[in-house]
Amino acid sequence: MKLRIAPSPTGNLHIGNARTALFNWLYARANNGEFLVRIDDTDKERSSEEYEKNIIENLKWLGLDWDEGIEVGGSEGSYKQSSRFDRYIEVAEEFENNGLAYREEGALRFKVPEEGEIKFQDIVRGSMSFNLNDVEDFVILRSDNSPTYHLASTVDDVDYGITLVARGEDILSSTPKHILLINALQAPLPDFCHLPLLFGPDGKKLSKRHGDTSVSAYKDKGVISEALFNYMCLLGWAPGNDLEIFDKQIAIEKFDLNNVLPNPAIFDTKKLLWMNGQYIRDLKDGDFEKSFIESIQDSISRELFEQEINRLKKIKHAVQERLETLNDINEQVKFLLDEPFEVNSKDWESVNTNEGQEYMKNVRNKFMSTKSFKLNEIEEIMRSELEQLNIKPKIGFQITRVAITGTKISPPLFESIYALGKENTIARMGESIEDL
RNA sequence: GGCCCCGUCGUCCAGAGGCCUAGGACGCUGGGUUUUCAACCCAGAAACGCCGGUUCGAAUCCGGUCGGGGCUGCCA
């Protein structure tokens with residue numbers, strides 16, 4: 001069994017193509033088959049190396065690998081259509097010589113029989129039948145003698161020995177043309193599988209008009225690859241038993257193209273983000289720390305100082321539990337960085353009370369006389385002072401939170417204070433105590 | 001317009017004639033926990049597009065209809 005994907009480098013790797021790649025990859029891996037990646041760049045105008053790079057990079061980022069094709073090589077050369085024009089032209093001219101194609105205004109058209117039917121079995125849709133009456137003669141070589149997609153793609157599938165063509169449903173109606181070409185090449189027909197399309201929230205084919213729907217855009221938003229991988233698996237397929245969170249291994253074990261749904265799926269960012277949060281929480285300590293530090297450095301566009309990193313490490317676990325994406329990190333930890341610190345005045349007004357002031361003053365004094373400033377020590381001081389003054393946690397804690405983090409929303413208070421450190425905490429509390 | 005595909009909660013999926021007074025997940029609403037925010041727990045609202053047929057029995061099979069989508073390029 002040999003499957004392939006053939007992305008056109010006319011844009012970054014799109015979520016829809018990534019899902020198609022994923023299903024091809026899963027099926028190949030599930031059946032000990034081969035997976036091939038080639039680049040369909042017959043459209044010289046719209047193709048670019050930058051996009052090609054993006055596609056390859058993001059396939060890898062998703063954890064997909066391939067056995068033959070672009071970058072990894074194989075017996076068929078570059079696996080780029082732009083370098084195989086001679087081959088396509090050779091085939092096209094043979095068709096022309098055999099009377100299977102004819103010239104029209106310079107372009108070469110493949111002659112579709114007037115009568116007859118093309119039938120094939122589609123793995124997700126069952127019996128398909130097209131009346132050749134409805135299929136027009138189609139261009140296989142443009143006036144500039146460059147091959148079109150139909151020709152190049154079909155010749156490649158034949159030359160590379162593809163046995164199962166699984167692609168988007170948008171090409172379903174082109175399949176009769178491809179079958180005609182394969183027959184003309186006197187080659188065996190592969191199996192066909194037309195995967196349901198991915199839609200945007202408006203129920204239309206996912207595309208640029210839905211915003212940036214590239215894989216790299218989601219990566220940039222702080223989505224981790226395992227989460228996107230898992231989420232995409234669920235678009236048109238499920239492993240059964242209501243299982244929703246699963247890894248690559250399980251996906252490979254359970255995956256079967258025969259169980260893929262024929263109906264389109266809407267790409268729902270909300271569920272992706274939820275799943276991403278689940279995955280982030282599950283990240284191993286070292287993996288999370290790496291992403292944690294990198295994400296902050298990306299946000300502030302500079303390297304972190306050692307002091308900052310030491311502070312950040314103390315809060316990382318608390319932050320890990322509170323993320324939807326990696327990009328949410330900086331907002332939660334910026335009070336720990338050596339950056340200008342500011343207290344949100346609206347938040348301050350809503351928590352600043354006389355009781356709170358007194359509480360902070362007393363706590364600050366006790367903080368000053370502690371030596372170790374350990375987490376449990378901080379908690380003990382803050383809780384016992386609450387009892388001393390007989391005030392509610394909210395009164396004492398919220399004012400302190402705003403004073404040291406700048407806002408009413410932050411990681412857990414004791415951890416935040418612990419991470420910030422004794423000197424900084426005392427200084428910030430001092431700034432907010434009115435009669436000091 | 002023509003050809004083709006599709007049709008279970010708002011969304012993703014379960015359901016392959018009786019186990020369905022339709023199940024899970026996201027989201028949403030209410031409640032609990034709580035120092036904020038999350039997380040977590042509990043509860044709730046929420047769907048078989050419609051009409052016929054087959055059958056003792058249909059979300060499941062068939063037909064029609066309506067609705068949505070794709071293709072209809074010298075794009076892929």
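Throughout, a chain's letter reflects where its sequence line sits, starting with A, and its residues are numbered from 1.
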Colleague: Does A/Lys374 qualify as a cation-pi partner of A/Tyr418, given the criterion of NZ or CZ under 6.0 Å from the six-membered ring centre and within 45 degrees of its axis?
Modeller: no
Colleague: From B/A76, B/C13, B/A25, pick the nucleotide closest to the side chain of A/His150?
Modeller: B/A76
Colleague: In whole Å, measure the gap between the P atoms of B/A59 and B/C50 for me.
Modeller: 11 Å
Colleague: Look at A/Thr405 and B/U36 and indicate whether a side-chain polar atom (N or O) is within less than 4.0 Å of OP1 or OP2.
Modeller: no
Colleague: For A/Tyr88 and B/C74, give me the distance from atom OH to atom P, rounded to whole Å.
Modeller: 19 Å
Colleague: Base, sugar-phosphate alone, or nothing: which one does A/Pro201 contact when heavy atoms must sit under 4.0 Å apart?
Modeller: nothing
Colleague: Scan A/Asp40, A/Asp159, A/Asp157 and name whichever one has a salt bridge (Lys or Arg N to Asp or Glu O under 4.0 Å) with A/Arg4.
Modeller: A/Asp157
Colleague: Considering only B/C3, B/C74, B/C26, which nucleotide approaches the side chain of A/Trp274 most closely?
Modeller: B/C26
Colleague: Can you find a side chain N or O atom of A/Lys408 that sits less than 4.0 Å from OP1 or OP2 on B/U35?
Modeller: no
Colleague: If you take atom types as modelled and just measure distance, does the side chain of A/Ser143 reach the base of B/C74 with a donor-acceptor pair under 3.5 Å?
Modeller: yes
Colleague: If you check the A/Ala265 side chain, which of B/C12, B/U35, B/C40 turns out closest?
Modeller: B/C12
Colleague: Within 45° of the ring axis of A/Phe23 and under 6.0 Å from its six-membered ring centre, is that where the NZ or CZ of A/Arg19 lies?
Modeller: yes
Colleague: Over all strands shown, is A/Ile395 touching base, sugar-phosphate only, or nothing at heavy-atom distances under 4.0 angstrom?
Modeller: nothing
Colleague: Find the partner of B/C37: check Watson-Crick (N1-N3 plus N6-O4 or O6-N4) and G-U wobble (N1-O2, O6-N3) distances, both under 3.5 Å, and reply none if neither fits.
Modeller: none
Colleague: Decide yes or no for A/Val112 and A/Glu136: does some side-chain heavy atom of the first lie under 4.5 Å from some side-chain heavy atom of the second?
Modeller: no
Colleague: Could you tell me the separation between the CD atom of A/Glu71 and the NZ atom of A/Lys53, rounded to the nearest 0.5 Å?
Modeller: 10.5 Å
Colleague: Once you apply the 3.5 Å cut-off to both distances, tell me the Watson-Crick or G-U wobble partner of B/A43, or none.
Modeller: B/U29
Colleague: B/G69 phosphate, OP1 or OP2: any side-chain N/O from A/Lys204 under 4.0 angstrom?
Modeller: yes
Colleague: Do A/Lys334 and A/Glu331 meet the salt-bridge criterion of a basic N to acidic O distance under 4.0 Å?
Modeller: yes
Colleague: On RNA chain B, compare the nucleotides closest to A/Asn131 and A/Ile409; which residue's is nearer the 5' end?
Modeller: A/Asn131
Colleague: Indicate, with a heavy-atom threshold strictly under 4.0 Å, whether A/Arg281 touches base, sugar-phosphate, or nothing.
Modeller: sugar-phosphate
Colleague: Within a 6.0 Å radius of atom OH on A/Tyr51, are there more than 12 heavy atoms belonging to other residues, nucleotides or ligands?
Modeller: no
Colleague: What integer distance in Å separates A/Asn263:CG from B/G49:P?
Modeller: 12 Å
Colleague: Which is true for A/Ser8 with a 4.0 Å heavy-atom rule: it touches a base, it touches only sugar-phosphate, or it touches nothing?
Modeller: sugar-phosphate
Colleague: If I take atom CD1 in residue A/Ile417 and atom P in nucleotide B/U35, what distance separates them, rounded to the nearest angstrom?
Modeller: 14 Å
Colleague: Hey, mind stepping through A/His317 and A/Phe292 against ring-ring contact (aromatic ring centres under 6.0 Å, His included) and telling me if it holds?
Modeller: CA-CA 10 Å; A/His317 287 119; A/Phe292 178 69; 9.3 Å; no
Colleague: Determine the interatomic distance between P on B/A14 and the same-named atom on B/A25; round to the nearest Å.
Modeller: 15 Å
Colleague: What is the nucleic acid contact for A/Glu136, judged by heavy atoms within less than 4.0 Å: base, sugar-phosphate only, or nothing?
Modeller: nothing
Colleague: In Watson-Crick or G-U wobble terms, both distances under 3.5 Å, what is the partner of B/C61?
Modeller: B/G53
Colleague: Have a look at A/Tyr231 and say if it touches a base, only the backbone sugar-phosphate, or nothing, with a 4.0 Å heavy-atom cut-off.
Modeller: nothing
Colleague: Quick one: does A/Arg125 reach the base of B/C5 with a side-chain donor-acceptor pair under 3.5 Å?
Modeller: no
Colleague: Distance between the P atoms of B/U54 and B/C66, in whole angstroms?
Modeller: 23 Å
Colleague: If we take the P atom in both B/C41 and B/C26, what is their distance in whole Å?
Modeller: 9 Å
Colleague: Before giving the answer on ring-ring contact (aromatic ring centres under 6.0 Å, His included), spell out for A/Phe414 and A/Phe397 the whole-Å C-alpha distance, their side-chain angles and the decisive distance to 0.1 Å.
Modeller: CA-CA 9 Å; A/Phe414 309 136; A/Phe397 290 172; 5.5 Å; yes
Colleague: Please report the distance, rounded to the nearest Å, between CE in A/Met275 and P in B/G27.
Modeller: 11 Å
Colleague: What interatomic distance, in whole Å, is found between P of B/G67 and the corresponding atom of B/G49?
Modeller: 15 Å
Colleague: For A/Gly106, report the nucleic acid contact type (base, sugar-phosphate, nothing); a contact means any heavy atom under 4.0 Å.
Modeller: nothing
Colleague: Can you work out whether A/Tyr149 or A/Asn259 has the more 5'-proximal nearest nucleotide on RNA chain B?
Modeller: A/Asn259
Colleague: A/Asp242 has a side chain; which of B/G70, B/C74, B/G23 sits nearest to it?
Modeller: B/G23
Colleague: Report the distance from atom CG of A/Leu197 to atom C1' of B/C5, rounded to the nearest whole Å.
Modeller: 10 Å
Colleague: Send over the distance from A/Lys44 NZ to B/C74 C1', rounded to a whole Å.
Modeller: 12 Å
Colleague: Between B/C74, B/A25, B/G70, spot the one nearest the side chain of A/Thr148, thanks.
Modeller: B/C74
Colleague: For B/G7, which nucleotide is its Watson-Crick or G-U wobble mate, given both distances must be under 3.5 Å?
Modeller: B/C66
Colleague: P atom, B/A45 versus B/G10: distance in rounded Å?
Modeller: 14 Å
Colleague: Consider the side chain of A/Asp268, meaning its heavy atoms from C-beta on, and name the nucleotide among B/A76, B/C13, B/C26 that approaches it most closely.
Modeller: B/C26
Colleague: Any idea which of B/A25, B/U8, B/U35 is nearest the A/Glu244 side chain?
Modeller: B/A25
Colleague: Could you work out the separation of B/G15 and B/C9 based on their P atoms and round it to a whole Å?
Modeller: 16 Å
Colleague: When you measure from the side chain of A/Leu172, which nucleotide among B/C13, B/C4, B/G10 comes out closest?
Modeller: B/C4
Colleague: Between B/C40 and A/Gln278, is there an OP1 or OP2 to side-chain N/O distance shorter than 4.0 Å?
Modeller: yes
Colleague: Where the side chain of A/Phe199 is concerned, which of B/U36, B/G69, B/C74 is the nearest nucleotide?
Modeller: B/G69
Colleague: Just name whichever nucleotide pairs with B/C71, Watson-Crick or G-U, keeping both distances under 3.5 Å, else none.
Modeller: B/G2
Colleague: What is the distance from CD1 of A/Ile171 to P of B/C4, rounded to the nearest Å?
Modeller: 19 Å
Colleague: It should be established whether A/Arg109 places a side-chain nitrogen or oxygen under 4.0 Å from OP1 or OP2 of nucleotide B/C74.
Modeller: yes
Colleague: If you look at every strand shown and take non-hydrogen atoms under 4.0 Å, does A/Lys392 touch a base, only sugar-phosphate, or nothing?
Modeller: nothing
Colleague: Among B/U36, B/C4, B/C5, which nucleotide has an atom closest to any side-chain atom of A/Gln398?
Modeller: B/U36
Colleague: Rounded to whole angstroms, how far apart are CG on A/Asp134 and C1' on B/U72?
Modeller: 10 Å
Colleague: Between A/Tyr102 and A/Phe110 (judged by ring centroids, cut-off 6.0 Å), do the two rings come close enough to count as a pair?
Modeller: no
Colleague: With rounding to whole Å, what would you report as the distance between B/C37 and B/A43 at their P atoms?
Modeller: 23 Å
Colleague: Could you let me know what B/C48 is paired to, Watson-Crick or G-U wobble, both distances under 3.5 Å, or none if it's on its own?
Modeller: none
